Amino acid sequence: MTGRDQAPLLEVRDLVVHFYTRAGVVQGARGVSFKVMHGQTLGIVGESGSGKSVSVQAVMGLINTPGRIISGDIRFKGRSIMDAAGRDYVRRVRGKEISMIFQDPMTSLNPVFTVGTQITEVLRHHLKMNKKAARKRAMELLELVDINAPGKRLKQYPHELSGGMRQRVMIATALACEPELIIADEPTTALDVTIQAQILELLADLQERLNVSVIMITHDLGVIAQLCHRLAVMYAGRIVEEGDAVKVFENPGHPYTMGLLGATPRLDKVEDRMVCINGAPPNLIAPPRGCAFSPRCQMAREECSNPQSLAYITKDRQVCCWCAAKSREREN
Ligand SMILES: Nc1ncnc2c1ncn2[C@@H]1O[C@H](COP(=O)(O)OP(=O)(O)OP(=O)(O)O)[C@@H](O)[C@H]1O
Ligand SMILES: [Mg+2]
């Protein structure tokens with residue numbers, strides 16, 4: 001293994017993002033840290049409002065007013081893409097070396113431009129291609145994502161395509177500059193089930209063929225089990241567990257992960273959707289002291305109101321839980 005392979009492609013450290021709303025300061029990310037390795041897929045799961053989108057939007061430079069990155073660092077290929085000194089680097093990296101696929105392609109594709117114009121625009125802007133070269137490359141990209149009659153599609157407007165086809169166009173656009181990292185924020189939620197499966201298969205195939213790294217945000221645990229090497233579980237603006245996806249499924253360490261996977265999680269019996277856990281996630285304007293999951297946690301005890309950060313329970317697994325840390329101590 002070379003040094004390049006061992007160093008993370010992307011590293012987010014202690015990211016804190018606040019949104020200044022009328023109701024108060026919403027703590028969207030409360031110290032999020034994760035890594036994405038070369039050629040690997042990191043799955044991020046967690047209930048609605050847990051900070052999944054905010055974390056990846058920060059990576060893409062998409063936190064806008066009323067939001068602000070308060071602290072933390074985001075490093076891509078070992079360099080910070082957040083500091084003022086590296087501003088040019090930041091702009092060059094986003095959209096080119098890191099690209100994003102959103103949930104609803106209709107909101108990211110511009111309805112007044114043809115598919116061809118939108119893909120070639122990316123190529124001309126980032127790769128400085130001329131019109132002819134960009135059109136040729138756009139055709140190749142549509143073929144890459146299994147779109148038939150690419151010449152015809154290039155002349156069509158987004159509304160003329162089916163939902164699945166639009167998402168393929170989004171993926172083609174995301175691949176246009178041969179990014180090293182693709183961030184997919186619930187890329188198939190807006191599609192019906194059979195189309196979802198096709199798009200996921202396509203993403204998995206492209207990930208392997210092009211050896212890109214992927215961050216996949218999803219509510220679908222089946223997708224994680226199939227596609228992801230690593231899994232990060234988010235709760236109330238924090239990652240509460242991170243580890244090898246298969247091992248987390250086999251043996252979840254955090255009570256919240258256990259709840260998500262059902263009481264007795266098994267790889268051969270992965271629930272398709274996350275199961276419901278009693279109670280509601282905390283208000284991120286005033287999150288509880290200590291473990292934010294403790295009000296809903298059956299294992300909660302007094303010490304859970306003390307601050308606890310992610311700690312290794314095995315060499316390769318991090319869990320943010322006093323109980324998990326305790327049982328690990330007992331094992332040692
Ligand atoms: N523009 C915004 N203004 C105010 N609050 C925001 C904004 N964007 C996100 N938040 C808040 O930040 C928190 C995290 O939101 P985020 O969108 O990351 O959740 P999520 O995990 O992606 O949820 P979902 O599964 O529903 O997409 C939530 O409490 C949300 O209300
Ligand atoms: Mg989201």
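Whatever order the structure lists them in is the order used to number ligands and atoms, beginning at 1. Computed from heavy atoms alone, side chains included, the values below leave out hydrogens, waters and symmetry copies. Predicted, not measured: the structure shown is a model, and the values here were computed from it.
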Stepwise side-chain contact (heavy atoms from CB on, under 4.5 Å) check, Ile98 with Ile81: CA-CA 11 Å; Ile98 309 176; Ile81 54 171; 4.2 Å; yes
The Mg ion (ligand 2) to nearest N/O/S of Gln103 less than 2.8 Å: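 No, outside the cut-off.
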Protein contact of [atom] - nearest heavy atom, named by residue and atom, plus distance:
atom	answer
atom 12 (O) of ligand 1	Gly28 CA, 3.6 Å
atom 3 (N) of ligand 1	Phe19 CD2, 3.5 Å
atom 25 (O) of ligand 1	Lys52 NZ, 2.8 Å
atom 17 (O) of ligand 1	Ser53 CB, 3.7 Å
atom 30 (C) of ligand 1	Val26 CG1, 4.6 Å
atom 29 (O) of ligand 1	Leu284 CD1, 3.6 Å
atom 26 (O) of ligand 1	Ser48 OG, 2.5 Å

Heteroatom proximity flag, Thr21 to ligand 1, N/O under 3.5 Å: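 There is no such contact.
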Ligand 1 to Ser55 polar contact by distance, N or O atoms, under 3.5 Å: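 The answer is no, given that Ser55 and ligand 1 share no N or O pair closer than 3.5 Å.
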Report yes or no: does [X] have a heavy atom closer than 4.0 Å to ligand 1?
X	result
Gly49	yes
Gln103	no
Gly51	yes

Test: Glu178 and Arg137 ion pair at under 4.0 Å: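 Yes, charged N to carboxylate O under 4.0 Å.
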Salt bridge present between Arg166 and Glu160 (N-O < 4.0 angstrom):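 No, Arg166 and Glu160 are not salt-bridged.
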Could you tell me whether [X] approaches ligand 1 through its side chain, its backbone, both or neither, with non-hydrogen atoms closer than 4.0 Å?
X	answer
His219	side chain
Val54	both
Glu186	side chain

Any donor-acceptor N/O pair, Gln167 side chain to Ala190 backbone, under 3.5 Å: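 Answer holds: no.
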Backbone of Gly116 reached by a side-chain donor or acceptor of Thr120 within 3.5 Å: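 Indeed, once roles are kept as given, a pair shorter than 3.5 Å links the two residues.
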Between Tyr235 and Glu241: side-chain donor-acceptor atoms closer than 3.5 Å: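 Per modelled atom types, Tyr235 and Glu241 side chains form no pair under 3.5 Å.
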Side-chain donor-acceptor contact under 3.5 Å, Gln40 with Ser213: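 Distance-only check fails for Gln40 and Ser213.
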Identified side-chain contact (heavy atoms from CB on, under 4.5 Å) partner of Val32 from the options Lys52, Met234, Arg238: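 Testing each of Lys52, Met234, Arg238 against Val32, the sole residue satisfying side-chain contact (heavy atoms from CB on, under 4.5 Å) is Met234.
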Sole residue of Met60, Gln57, Met216 in side-chain contact (heavy atoms from CB on, under 4.5 Å) with Ile183: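 Single pass found, and it is Met60.
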Gap separating the NZ atom of Lys35 from the CE atom of Met37, nearest 0.5 angstrom: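 It comes to 7.0 Å.
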Atom 21 (O) of ligand 1 protein-contacted, heavy-atom criterion under 4.0 angstrom: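 For atom 21 (O) of ligand 1 the answer is yes, since some protein heavy atom falls inside 4.0 Å.
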Protein non-hydrogen atom below 4.0 angstrom of atom 7 (C) of ligand 1 present: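 For atom 7 (C) of ligand 1 the answer is yes, since some protein heavy atom falls inside 4.0 Å.
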CA sep, side-chain torsions, deciding dist, call: Ile101, Asp185, side-chain contact (heavy atoms from CB on, under 4.5 Å): CA-CA 6 Å; Ile101 304 167; Asp185 191 351; over 6 Å; no
